[in-house]
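Here is the structure we will look at.
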Amino acid sequence: MSCPFKSAPLGPPSLGSETSSLCCAGRNSLCTHNPRHSTRSQVSAANSRVCHHFCWKVGMGGRKMARDEENAYGSQDPDDQQPLAQERRLRLILAGRTGVGKSATGNSILGHRLFPSRLAATPVTRRCALGSRSWAGWRVEVTDTPDLFTAQGRHADPDCTERASCYLLSAPGPHALLLVTQLGRFTTQDEEAVRGVRELFGAGVLARAVLVFTRREDLEGGSLHDYVRATDNRALRALAAECGGRVCALDNRAEGAERDAQVGELLALVERLALEHDGAPFTDDVYGLAWARRHARPDDTLRLVAARLAARGLGRGWGGQWGRGRRWLEAARRGWPLALLLLGGALLFVLLLLHRGAPGPD
Ligand SMILES: Nc1nc2c(ncn2[C@@H]2O[C@H](COP(=O)(O)OP(=O)(O)OP(=O)(O)O)[C@@H](O)[C@H]2O)c(=O)[nH]1
């Protein structure tokens with residue numbers, strides 16, 4: 001099955017044991033939402049979003065998959081399944097504030113410059129995108145994200161479509177969430193991004209998180225664990241603890257064997273994490289919805305998933321107002337015991353005053 005937006009066949013097939021591919025990072029990107037499509041098809045400049053949803057749909061078809069190879073993008077095309085049928089899946093999501101090196105980290109993992117990554121004053125990544133590669137018998141699928149997690153990012157996604165896209169690209173759920181931050185610069189914006197991650201996926205997702213530091217070169221050979229232990233940034237220490245101590249550092253400027261060794265370290269950590277959960281991915285009701293609708297029209301599913309997220313109070317407008325209202329009510333509910341205590345104290349104080357002011361029996 002080839003991509004409906006095919007404009008010209010690509011050159012020689014690019015699949016191999018260490019290949020990588022990109023889906024829908026932008027116009028004219030390869031139609032490799034399903035990595036296997038990359039060998040034969042190319043997206044027209046028309047609409048990469050539609051393409052990745054199409055690929056998502058064709059990828060859902062039919063075959064019942066074993067737990068460790070389940071994936072939203074498995075193909076019905078028997079030809080397509082040849083080289084990859086035996087590979088188990090490791091799905092990763094890159095998350096973090098803008099500019100920390102998420103895309104560069106994705107490129108290091110894929111061993112190939114696939115996601116746009118550069119120094120810029122404004123966000124470079126605007127859409128979620130998927131790339132994949134083979135590694136040690138696994139098909140590693142990496143979802144790169146724009147800023148979806150800070151207030152500014154959420155503001156740019158008022159109807160939750162981009163966050164829904166992240167869900168669809170990583171369905172039926174990630175095996176690991178890579179929380180990317182910069183060595184030496186864990187800022188309040190990073191904290192905000194972590195809060196956003198919790199808000200989107202639920203606090204339980206941190207049980208699947210790996211804290212990935214970019215700019216490993218700044219360690220100058222020192223130990224990352226020592227750095228995290230010794231930092232006076234309490235929020236960072238707390239986050240590392242919440243992530244179960246799973247921390248890793250990458251120098252995304254490294255190349256060749258040095259890069260492979262660093263990426264090997266990270267993927268070994270991810271592999272261990274996946275195996276600790278018997279290969280089952282993180283999931284929630286939204287992934288459940290996306291997965292249950294894997295045979296339905298992808299655009300409809302995207303809309304439904306976005307609506308589900310908005311109903312949770314993650315969007316702007318009514319959903320956002322509701323979410324803010326709900327949070328306010330929850331805060332008020334949590335504050336009740338304290339308010340009662342204060343009221344009781346004030347009442348006691350007034351009674352005492354009255355008692356002291358009252359004339360004695362004589
Ligand atoms: N020296 C060094 N630079 C890095 C490293 N990782 C990323 N960078 C640089 O940091 C800058 C931002 O990286 P990106 O990958 O675009 O960051 P991002 O988080 O994807 O940014 P947005 O797409 O804007 O959200 C680029 O200039 C990268 O080359 C690293 O490990 N070492």
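Every number for a ligand or one of its atoms is a count from 1 in the order of the listing. Atom set for the values below is all heavy atoms of this structure, side chains included, hydrogens, waters and symmetry mates excluded.
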Check your understanding: Can you list the ligand 1 atoms lying under 4.0 Å from a non-hydrogen atom of Pro123?
Key -> 24 (O)
Exercise for review: State the atoms of ligand 1, each with its element, that fall below the 4.0 Å cut-off from a heavy-atom position in Leu119.
Suggested key: 26 (C), 27 (O)
Point to revise | Given Ile93, Leu110, Leu130, Leu92, the one that forms side-chain contact (heavy atoms from CB on, under 4.5 Å) with Glu141 | key: Leu130
Check your understanding: Among protein heavy atoms, which lies nearest atom 17 (O) of ligand 1, and at what distance?
Key -> Gly101 N, 3.0 Å
Review point. Does atom CD of Glu265 have more than 12 heavy-atom neighbours from other groups under 6.0 Å away?
Key: yes
Exercise for review: State if Asp147 counts as touching ligand 1 under the rule of any non-hydrogen atom under 4.0 Å.
Suggested key: no
Exercise for review: Report the nearest protein non-hydrogen atom to atom 9 (C) of ligand 1: residue, atom name, distance rounded to 0.1 Å.
Suggested key: Arg253 NH2, 3.9 Å
**Study point:** Neighbour count >12 (heavy atoms, 6.0 Å) for atom CD, Glu255
**Key:** no
Exercise for review: Tell me which part of Leu250 gets within contact of ligand 1: side chain, backbone, both or neither, using heavy atoms under 4.0 Å.
Suggested key: backbone
Check your understanding: In the protein, what heavy atom is nearest to atom 21 (O) of ligand 1, and what distance, to one decimal place, separates them?
Key -> Gly99 N, 3.0 Å
Point to revise | Ala235 backbone acceptor or donor facing Asn233 side chain under 3.5 Å | key: yes
Review point. Can any side-chain N or O of Gln182 pair as donor or acceptor with the backbone N or O of Arg215 at less than 3.5 Å?
Key: no
Practice item. Please write down residue, atom name and distance for the protein heavy atom closest to atom 25 (O) of ligand 1. Key: Thr98 OG1, 2.9 Å
Review point. More than 12 non-hydrogen atoms from neighbouring residues, nucleotides or ligands closer than 6.0 Å to CZ on Arg185, yes or no?
Key: no
Check your understanding: Any sub-3.5 Å donor-acceptor pair from Arg163's side-chain atoms to Asp157's backbone N or O?
Key -> yes
Practice item. Return the orientation label for the Tyr287 and Phe282 ring planes: parallel under 30°, perpendicular over 60°, tilted otherwise. Key: perpendicular
Study note, to complete from the structure: The closest protein heavy-atom partner of atom 16 (O) of ligand 1 is Arg118 N, 3.2 Å
Revision key, fill the gap. Looking only at protein heavy atoms, what sits closest to atom 23 (O) of ligand 1 is Thr125 OG1, 2.6 Å
Check your understanding: What do you reckon, does Glu217 put a non-hydrogen atom under 4.0 Å from ligand 1?
Key -> yes
Review point. Nearest protein heavy atom to atom 6 (N) of ligand 1, by residue and atom, and its distance?
Key: Asn252 ND2, 3.1 Å
Point to revise | Per-atom contacts of ligand 1 with Ala104, taking only distances under 4.0 Å to non-hydrogen atoms | key: 6 (N), 7 (C), 15 (O)
Check your understanding: Can you name the one residue among Thr214, Asp260, Asp251, Asn252 that meets side-chain hydrogen bond (donor to acceptor under 3.5 Å, both in side chains) with Ser108?
Key -> Asn252
Review point. Does Arg237 come within less than 4.0 Å of Asp232, counting only side-chain N to carboxylate O?
Key: no
Study note, to complete from the structure: Note: heavy atom closest to atom 18 (P) of ligand 1, options Arg215, Lys102, Arg216, belongs to Lys102
Exercise for review: Just need the protein heavy atom nearest to atom 14 (P) of ligand 1, so name the residue and atom and give the distance.
Suggested key: Ser117 OG, 3.4 Å
